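Working notes, structure below.
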Amino acid sequence: MADNRYIGVFDSGIGGLTVVKAIVESMPREDIVYFGDTAHVPYGTRSPRQVTEYVLSDVEFIYGFRPKAIVIACNTADSIAREKIEELYDVPVFGVVEPTSKKAALSTENGKIGVIATNATINSKAYEKAIAKYNADAEVFGVACPLLVPLVENGRFHKGDIVVETVLREYLDPLTEKGIDTLILGCTHYPLLQDIISELYPGLNIISSSVVLAETLKETLKEQNRTNEEEGSIRKYFVSDDADSFATQAKIFMGDAFDGSVEHVNLD
Ligand code: DGL
C-alpha cells in the first residue's frame, strides 16, 4: 500500500522551509506542495483573530491540491488555529507544537523546559498546555523573541556574529538562570540558530520543532502504509508576494534541498 498524493505544507512565509528541508531529507520520495504567505508575514506579531483568518485561506489553497496530509509548518499558526483547521477539513493535520512538546516533556531530566518563539505563540500558551499533557510536573518558561526572525531573515545566524549572539544571550540567559535543561526552538526560523545556541550553552537539550514534525510525519505515514513509493518527486512552491525574492532566500533556508520553482498566487 502506498499513498502518492501530495503532502501540503504551509507557513506564514519562508521559515516553513526548515520543515520542508527536514521532510525532504527523511522522505525524499514525497511530493510536496508548499504555500508561504509572504504577503502577510510575520504572523507572530499579529492578533489571534488575524492569524486565524490568514491561516484559513492558506489551508483552503493547500486543500485544493487534495493532499494526503496538511502540515502546519508555522508555530504561530499551529498554536492559534490548529483546532479550527481540524474542525473544518477532513485531512490528517500535523503540527509542530504537539510532537515537540511530547519530546521535550519526556526527555527533560530536571523538569525545567524553556520555549522560545514568537509573541503570538508565547501568548497562546500552546506549548505549556501540550507539555502538561505529557509531564504534569514540568515547569515551562516561555520567552518571546521578536528580534530573532528579522535577524535570521537578514542572514545573521552565523557563529561569531556578535549581534545575534548578544541578542540570543539576552533572551536565553534568564532561561538558563532558571535552570532549564531542555530548550524548544518553537519557531520555524530558529533551527538556523541551533549551532550558535549549542555553542553558547553547551549541554542544553535543544529540540527543533521543524525536525520533530518531520520525524512524526514519517513515523505516522509509515505506520499507516501511506508513504509515497514512486521514484522521483514533485515539489511545488507558491507564495503570496514576490516569487523571485522567495527563491533567493529559499536557498539560505534549504540549501541544495531547494529544487523547485516558485509561483506567485493571489489569495485575497
Ligand atoms: N513561521 C513563524 C513561526 O514559526 C515565524 C515567522 C512569523 O512570525 O510569521 O512562528
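Because the structure is predicted, anything quoted here is derived from the model rather than measured. Just follow the structure's listing: the first ligand is 1, and inside any ligand the first atom is 1.
Numbered from 1 in the order shown, with element, the atoms of ligand 1 that lie under 4.0 Å from a heavy atom of Pro42 read 7 (C), 8 (O), 9 (O). Ligand 1 places these atoms under 4.0 Å from at least one heavy atom of Cys187: 3 (C), 4 (O), 5 (C). If you number the atoms of ligand 1 from 1 as listed, the ones under 4.0 Å from a heavy atom of Gly44 come out as 7 (C), 8 (O), 9 (O). Against a heavy-atom cut-off of under 4.0 Å, Tyr43 is close to the following atoms of ligand 1: 7 (C), 8 (O), 9 (O).
Arg235 has a carboxylate O that lies under 4.0 Å from a charged side-chain N of Asp259, or vice versa, which qualifies the two as a salt bridge. The pair Glu219-Lys222 fails the salt-bridge criterion, with no side-chain N (NZ, NE, NH1 or NH2) lying under 4.0 Å from an Asp/Glu carboxylate O. Under a 4.0 Å N-O distance rule, the pair Lys103/Glu215 qualifies as a salt bridge.
The shortest N or O to N or O distance between His189 and ligand 1 is not under 3.5 Å. Geometrically, ligand 1 and Ser12 share a nitrogen or oxygen pair separated by less than 3.5 Å. Among the atoms of Thr188, some N or O lies under 3.5 angstrom from an N or O of ligand 1. Not a single N or O atom of Gly186, backbone or side chain, sits closer than 3.5 Å to an N or O atom of ligand 1.
Annotation for His264 and Ala243: closest pair N-CB, 4.2 Å, computed over non-hydrogen atoms.
Considering only heavy atoms from C-beta on, Phe10 stays 4.5 Å or farther from Val33 through its side chain.
The protein heavy-atom contact nearest to atom 10 (O) of ligand 1 is Thr76 OG1, 2.6 Å.
When non-hydrogen atoms are compared, ligand 1 lies under 4.0 Å from the side chain of Asp11 (C-beta onward) but not from its backbone. If you look at Val41 next to ligand 1, the close heavy atoms, those under 4.0 Å, all belong to the side chain. Using a 4.0 Å cut-off between heavy atoms, Thr118 contacts ligand 1 through its side chain alone, with no backbone atom that close.
None of Lys129, Arg82, Lys133 except one satisfies the salt bridge (charged side-chain N to carboxylate O under 4.0 Å, His left out) rule with Glu98; the exception is Lys133.
From Met254, atom CE reaches atom CD of Gln249 across 13.5 Å, with rounding to the nearest 0.5 Å.
With Tyr63 as the aromatic partner, Arg66 meets the cation-pi criteria of under 6.0 angstrom to the ring centre and within 45 degrees of the ring axis.
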